[in-house]
Protein chains: 2
Amino acid sequence: MVTTQVESLFGGDPYHADCPTRRILDRIGDRWTVLVVGILGNGDARFSELRRRIEGISQKMLTQTLRGLERDGLVRRTVHPEVPVRVEYALTDAGRTLLGPLRALQQWSIEHLGDVSAAQAAYDRAD
Amino acid sequence: MVTTQVESLFGGDPYHADCPTRRILDRIGDRWTVLVVGILGNGDARFSELRRRIEGISQKMLTQTLRGLERDGLVRRTVHPEVPVRVEYALTDAGRTLLGPLRALQQWSIEHLGDVSAAQAAYDRAD
DNA sequence: CCGTATCCCCTTTGATACTG
DNA sequence: CAGTATCAAAGGGGATACGG
């Protein structure tokens, strides 16, 4: 039910160093996490598949990102002991709950990125 | 109306280096931007006020964050030529549209951070 | 009061090479 | 195929000092 004190969590007074906002940003604020979650939101995928789909990600960062998500309980890793080995990644139930908020943000991005770019251009032109 | 091709923007195929998801993350993915937006969502604030409310932010980063938001057209900066000078920051209309998606994310954070912490603990205990 | 300018660290990321 | 290990590079971010 989550009926705890939600009063000042977003804009309230004590913007503690460990408020939920900061903790969530520490999770998904990096360069790759939301991209991985976004792709897995469309269906399970293998390591190499993710790597191909996410332009520019290095092997190391993909591994690191996936481990982080697995540790958070948002992604499940399944090893199929074939030859060669096949590893599938999938969102957990918890992971799927992230898709809504993420899509909301992305929708915002799609709708406003034009205005933002225009504002930047104007700002840079001005001075 | 935004009826352009939204097909593969979130989970589609070409996860280009400049897809909206990445560009939005480049905007708000840093450590301070959403915190500043969150506070300004509750009402205008002065520089020193923001600095007091956001625990741990340095003068440099607050300035830098505010400049970025101003450049993006999300925050408006007003200088009152008094002595000493008083500077007020406020969200623009565009800036206010960010509040919804941001609150959604924060709501997610509030609801799931417990589970995430538990998952982390379990993961670390396992090995 | 509200910044800007420097210096410096340290974390994040990428490149590369190597294993089961 | 799916990683791990290591090293080097880049840049975000803090501390401090100074200017309008």
Side-chain angles (χ1 to χ4, degrees), chain A residues 15 17-18 21-36 39-40 44-72 75-90 123-124 126-127, chain B residues 15 17-18 21-36 39-40 44-72 75-90 123-124 126-127:
Chain A
Y15 252 65
D18 62 340
T21 306
R22 292 209 198 177
R23 300 197 49 191
I24 219 273
L25 285 174
D26 288 345
R27 300 274 89 243
I28 68 160
D30 66 289
R31 208 155 149 205
W32 306 112
T33 296
V34 304
L35 296 174
V36 170
I39 290 197
L40 291 179
D44 306 359
R46 319 179 40 167
F47 187 88
S48 48
E49 208 176 334
L50 288 167
R51 190 162 181 208
R52 250 181 297 110
R53 301 265 295 267
I54 304 177
E55 193 175 300
I57 195 171
S58 67
Q59 198 170 30
K60 174 185 167 186
M61 291 317 297
L62 180 52
T63 300
Q64 193 171 302
T65 302
L66 287 167
R67 289 292 171 279
L69 286 166
E70 195 190 355
R71 177 169 182 262
D72 292 344
V75 158
R76 179 174 31 253
R77 178 174 180 270
T78 311
V79 182
H80 300 273
E82 310 166 352
V83 210
V85 74
R86 182 166 58 96
V87 181
E88 287 257 333
Y89 290 93
Y123 185 96
D124 296 343
D127 185 8
Chain B
Y15 252 65
D18 62 338
T21 306
R22 293 210 197 176
R23 300 197 49 190
I24 219 272
L25 284 174
D26 289 344
R27 300 274 92 242
I28 68 160
D30 66 290
R31 209 156 147 203
W32 307 112
T33 296
V34 305
L35 296 174
V36 171
I39 290 198
L40 292 179
D44 305 0
R46 317 179 42 168
F47 186 87
S48 48
E49 208 176 335
L50 289 167
R51 191 165 180 206
R52 250 180 299 109
R53 301 265 296 268
I54 304 178
E55 193 175 297
I57 195 170
S58 67
Q59 196 170 31
K60 174 186 168 184
M61 290 319 297
L62 180 52
T63 300
Q64 193 171 302
T65 302
L66 287 167
R67 288 294 170 279
L69 286 166
E70 194 190 356
R71 177 168 181 264
D72 293 343
V75 158
R76 179 172 34 251
R77 177 174 180 269
T78 312
V79 182
H80 301 273
E82 310 167 353
V83 211
V85 74
R86 182 167 59 97
V87 181
E88 287 256 332
Y89 290 93
Y123 184 95
D124 295 344
D127 189 353

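Hydrogens, waters and symmetry mates play no part in the numbers below; they use all other heavy atoms, side chains included. Proteins get letters first, then strands, A, B, ... in listed order; numbering begins at 1 in each.
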So which protein N/O to nucleotides 2-4 of chain C N/O distances come out below 3.5 Å?
unit_1: C:dC2; atom_1: OP1; unit_2: B:Arg46; atom_2: NE; d: 3.2
unit_1: C:dC2; atom_1: OP1; unit_2: B:Arg46; atom_2: NH2; d: 3.1
unit_1: C:dC2; atom_1: OP2; unit_2: B:Ser48; atom_2: N; d: 3.2
unit_1: C:dC2; atom_1: OP2; unit_2: B:Ser48; atom_2: OG; d: 2.7
unit_1: C:dG3; atom_1: OP1; unit_2: B:Arg67; atom_2: NH2; d: 3.0
unit_1: C:dG3; atom_1: OP1; unit_2: B:Arg77; atom_2: NE; d: 3.2
unit_1: C:dG3; atom_1: OP1; unit_2: B:Arg77; atom_2: NH2; d: 2.4
unit_1: C:dG3; atom_1: OP2; unit_2: B:Tyr89; atom_2: OH; d: 2.6
unit_1: C:dG3; atom_1: N7; unit_2: B:Gln59; atom_2: OE1; d: 3.4
unit_1: C:dG3; atom_1: N7; unit_2: B:Gln59; atom_2: NE2; d: 2.4

Carefully, step by step, assess B:Tyr123 and A:Arg67 under the rule side chain to side chain contact (heavy atoms under 4.5 Å, CB included).
-> CA-CA 10 Å; B:Tyr123 184 95; A:Arg67 289 292 171 279; 3.8 Å; yes

Intermediate values then yes/no, salt bridge (Lys or Arg N to Asp or Glu O under 4.0 Å), A:Asp26 and B:Arg31 = CA-CA 8 Å; A:Asp26 288 345; B:Arg31 209 156 147 203; 5.6 Å; no

Evaluate side chain to side chain contact (heavy atoms under 4.5 Å, CB included) for B:Glu55 paired with A:Arg22, printing each intermediate quantity in order.
-> CA-CA 11 Å; B:Glu55 193 175 297; A:Arg22 292 209 198 177; 4.1 Å; yes

Report the C-alpha distance between B:Leu62 and B:Trp32 in whole Å, list the side-chain angles of each, state the deciding distance to 0.1 Å, and finish with yes or no for side chain to side chain contact (heavy atoms under 4.5 Å, CB included).
-> CA-CA 8 Å; B:Leu62 180 52; B:Trp32 307 112; over 6 Å; no

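Here D:dG13 presents its C1' atom at 13 Å from CZ of A:Arg22, a figure rounded to the nearest Å. One atom, CD of B:Glu82, and another, C1' of C:dC1, lie 11 Å apart when rounded to the nearest Å. Per the geometry, CG belonging to A:Asp30 stands 10 Å off P belonging to C:dG14, to the nearest Å. The interatomic distance linking B:Ile57 (CD1) with D:dG12 (C1') rounds to 13 Å, in whole Å. In this entry the distance linking CE of A:Met61 with C1' of D:dA5 reads 15 Å, nearest Å. Following rounding to the nearest Å, A:Glu70 (CD) and D:dA2 (P) show an atom-to-atom distance of 15 Å. Across the protein-nucleic acid pair, A:Leu50 atom CG and D:dG3 atom P stand 10 Å apart, rounded to whole Å. As a whole-Å value, the separation of B:Arg31 CZ from C:dT12 C1' is 13 Å.
When the local axes at the two ends of the helix from C:dC1-D:dG20 to C:dG20-D:dC1 are compared, using 5 base pairs at each end, they differ in direction by 50° after rounding to 10°.
Taking CD1 of B:Ile28 as the start and CG of B:Asp72 as the end, the distance is 11.0 Å to the nearest 0.5 Å. Once rounded to the nearest 0.5 Å, the distance linking CG of B:Leu66 with CZ of B:Arg51 reads 12.0 Å.
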I'd like a table of donor-acceptor pairs (distance under 3.5 Å, sequence neighbours excluded) in which one partner is a side-chain atom from residues 75-88 of chain B, with atom names and distances.
unit_1: B:Arg77; atom_1: NE; unit_2: B:Tyr89; atom_2: OH; d: 3.2
unit_1: B:Glu82; atom_1: OE1; unit_2: B:Arg86; atom_2: NE; d: 3.4
unit_1: B:Glu82; atom_1: OE2; unit_2: B:Arg86; atom_2: NE; d: 3.4
unit_1: B:Glu82; atom_1: OE2; unit_2: B:Arg86; atom_2: NH2; d: 3.1

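For C:dC1, the OP1/OP2 oxygens have no side-chain nitrogen or oxygen of B:Arg51 closer than 4.0 Å.
Tested against A:Leu50 for a side-chain contact (heavy atoms from CB on, under 4.5 Å), the candidates A:Ile57, A:Leu35, A:Leu40 yield a single pass: A:Leu40.
Checking side-chain atoms of A:Glu49 against main-chain N and O of A:Arg46 turns up a donor-acceptor pair under 3.5 Å.
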